[in-house]
Amino acid sequence: MTSSSTRLINATAVAGLSLWVGVMVFISHWMGEQAHRWLPVQASTAAPLVDDLFSFETAIGTFVFLGVVSVMVWVMLFNRAEKYDDTDAFPIEGNTRLEVIWTAIPFVLVMGIAFWTIRASEQLGTLGPMEHIHLRNSVEEVGGYPGDRLPAEQVEVIARQWSWEFRYPGSNVSSTELHLAVNEPVTFRLVSEDVLHGFYIPAFRVKQDVIPGRAIDFNVTPTREGVYRLRDSQFSGTWFAANQSDVVVESAEEHQAWLEQAARSPLQPGLSLAISEYATRQARSNPGWATVPPAPPPQVNVPGSPSQPHQA
């Protein structure tokens, strides 16, 4: 084979490889854009940052997947051994250029993801200070931080097995569904009465562990009116999947009206699906395995409705 033929073959191979890399980049970018559709609606200032990071990671993952599969397919189609050939392959003992390439590319990808993640975390700034608390003593109230020591714009979130309770110190209101004003920053004071829980609102793209013995400040700004869902993201016992609550995001006027109406309502048992499920189970002749009895439902001004439609 002449040198000109060799150069032509090499040029054709390079052109074909470049074309395929371009196709992989296009597909990866398209998959990254599609990733935005896989997530719930964006309902907080944190959501676009998290979604963009997820989209970026999806695009990179798609590119790496296509690259690995392409090499596998190319090897199987064009570098297969002859039928009944059971001899060993030709030994290759090192290729500096190849080793540099397969080291540099993952390094660049990982550094790109790390840079984007750090930038998103700095812009989010959702996590505030964490303080040690001592529950059930002569100073602190049951449930963590006394409401009269919290600023008016803060909401105390109390997690327990298995219900959520929300206290609004500025209005002397408590509820088992969370009400927030749209486009107004809010700081949550997260406390747990028993075990580790997870404060997770998918539409907000925020999740924070609630650690027993600590009070954690957590900041977020809702940006879309609607009814969303708060879930317990940590396995906190038998009925942790039922440890959910509505998150109602409304206008500032509606939120203020709700607080005023709630303040006039008497205390009553809050919603606790775990209580009803536990009672149903105990009524059976064979209640099954032993489990921790759910904590009594909290006494609140507004229990909320278990039958509201949920967006996310």
Side-chain angles (χ1 to χ4, degrees), residues 40 133-138 140-147 155-168 172-179 188-204 206-216 218 227-248 258 261-263 265-312:
I133 61 174
H134 306 280
L135 304 181
R136 295 183 175 89
N137 63 24
S138 58
E140 304 288 348
E141 291 182 354
V142 175
Y145 232 69
V155 177
E156 186 180 24
V157 179
I158 302 171
R160 57 174 63 89
Q161 293 174 306
W162 288 269
S163 65
W164 297 95
E165 181 183 355
F166 311 101
R167 297 179 182 175
Y168 306 80
N172 195 26
V173 168
S174 60
S175 67
T176 45
E177 69 177 17
L178 179 59
H179 280 247
F188 300 111
R189 173 59 59 92
L190 307 175
V191 296
S192 170
E193 283 195 346
D194 35 52
V195 299
L196 186 68
H197 295 273
F199 181 83
Y200 177 43
I201 306 176
F204 287 7
V206 294
K207 183 180 79 69
Q208 172 60 41
D209 292 346
V210 189
I211 304 172
R214 292 187 176 183
I216 304 172
F218 194 66
V227 181
Y228 307 101
R229 201 65 170 165
L230 164 65
R231 308 177 189 276
D232 191 346
S233 61
Q234 293 288 351
F235 178 73
S236 55
T238 307
W239 283 280
F240 88 100
N243 195 17
Q244 302 186 24
S245 178
D246 282 339
V247 179
V248 181
W258 177 83
Q261 180 180 1
S265 301
L267 292 178
Q268 53 189 303
L271 293 177
S272 177
L273 182 60
I275 291 290
S276 58
E277 291 191 3
Y278 179 77
T280 300
R281 178 177 171 182
Q282 293 301 110
R284 301 172 183 169
S285 57
N286 180 15
W289 63 86
T291 183
V292 176
Q299 296 294 309
V300 297
N301 302 97
V302 182
S305 172
S307 60
Q308 292 191 56
H310 306 128
Q311 291 188 11

Just how far is it from atom [atom1] of [X] to atom [atom2] of [Y], taken to the nearest 0.5 Å?
{"X": "Leu190", "Y": "Ile211", "atom1": "CG", "atom2": "CD1", "value": "10.0 Å"}
{"X": "Ile158", "Y": "Arg167", "atom1": "CD1", "atom2": "CZ", "value": "3.5 Å"}
{"X": "Phe199", "Y": "Phe188", "atom1": "CZ", "atom2": "CZ", "value": "4.0 Å"}
{"X": "Leu271", "Y": "Asp246", "atom1": "CG", "atom2": "CG", "value": "8.5 Å"}
{"X": "Gln161", "Y": "Ser192", "atom1": "CD", "atom2": "OG", "value": "8.0 Å"}

Listed partners of [X] passing side-chain contact (heavy atoms from CB on, under 4.5 Å), at least two apart:
{"X": "Gln261", "result": "Arg264"}
{"X": "Val302", "result": "Ser175, Glu177, Trp258, Ala262"}
{"X": "Ser236", "result": "Trp162, Val195, His197, Asp232, Phe240"}

Problem - Worked verdict on Val155 versus Leu178 for side-chain contact (heavy atoms from CB on, under 4.5 Å) - result: CA-CA 9 Å; Val155 177; Leu178 179 59; 4.1 Å; yes
Exercise for the section: Could you tell me whether a side-chain N or O of Tyr168 sits under 3.5 Å from a main-chain N or O of His179, the two making a donor and an acceptor? Expected result: yes
Problem - Side-chain donor/acceptor of Ser245 to backbone N/O of Thr176, under 3.5 Å - result: yes
Of all heavy-atom pairs between [X] and [Y], which one has the smallest distance, and what is that distance?
{"X": "Phe218", "Y": "Gln208", "result": "CE1-CB, 3.6 Å"}
{"X": "Tyr200", "Y": "Val206", "result": "CD1-O, 3.3 Å"}
{"X": "Gly270", "Y": "Pro303", "result": "CA-CB, 4.1 Å"}
{"X": "Ala274", "Y": "Pro294", "result": "O-CG, 3.7 Å"}

Completion exercise
Sequence neighbours excluded, the answer for side-chain hydrogen bond (donor to acceptor under 3.5 Å, both in side chains) partners of Asp209 is Gln234
Problem - Contacts of type side-chain hydrogen bond (donor to acceptor under 3.5 Å, both in side chains), residue Gln244, not counting sequence neighbours - result: Arg229, Arg231
Problem - Pairs satisfying side-chain hydrogen bond (donor to acceptor under 3.5 Å, both in side chains), at least one member in residues 290-301, at least two apart - result: Ser174-Asn301, Thr238-Thr291
